[in-house]
Amino acid sequence: MASIIPVIFILAMIIGLMACGYLFVPKGPHQTTIRTAIMLTLASCYLMWMVTYMAQLHPLITPYRSSSKGESI
C-alpha cells in the first residue's frame, strides 16, 4: 500500500509556495492579477501531479502479460 507522506509533503510545499506568492508580490496596479496567476498555476500543477500519482497507484485497467510463449521480452 502506498504511503500518504508524499501527498501531504507536496501539498504542504504547494501551500507554502502559494503563501510566498501571496506575500511577496510587489505592490502595483496588477498585484491581484499576478497573485491570482501564481496561485492558479500552483494549484493546476498540484492537481496534475495528484491525478498522475493516483493513476499510477490505482490504475483503471489492470496490466496483463501476453500468454504467447514464442515471444521474447
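Contact between Trp49 and Pro6 at its shortest, heavy atoms only, is CH2-O, 3.8 Å. Minimum heavy-atom separation, Met39 to Met18: O-CE, 3.3 Å. Scanning all heavy atoms of the two residues, the minimum distance from Gln31 to Val25 falls at NE2-O, 3.7 Å.
Checked options Thr32, Thr36, Ile38; the residue passing with Ile34 is Ile38 (criterion: side-chain contact (heavy atoms from CB on, under 4.5 Å)).
Atom CD1 of Ile5 has 12 or fewer heavy atoms from other residues, nucleotides or ligands within 6.0 Å.
Rounding to the nearest 0.5 angstrom, the gap separating the OG1 atom in Thr41 from the CG atom in Leu17 is 11.5 Å. Separating the CD1 atom in Ile10 from the SG atom in Cys45 is a distance of 11.5 Å, to the nearest 0.5 Å. The CG atom of Leu40 sits 14.0 Å away from atom CZ of Arg35, with the distance rounded to the nearest 0.5 Å. With values rounded to the nearest 0.5 angstrom, Ile14 atom CD1 is found 10.5 Å from Ser44 atom OG.
Ile15 and Ile4 fall within a single hydrophobic cluster, where Ile, Leu, Val, Met, Phe, Trp and Tyr side chains are chained together by heavy-atom contacts under 4.5 Å. Under the 4.5 Å side-chain heavy-atom criterion for ILVMFWY residues, a single connected hydrophobic cluster contains both Tyr53 and Phe9. Residues Met13 and Met48 do not share a hydrophobic cluster, clusters being chains of Ile/Leu/Val/Met/Phe/Trp/Tyr side chains in contact below 4.5 Å.
Using a 4.5 Å heavy-atom cutoff, the side chains of Met50 and Tyr46 are in contact.
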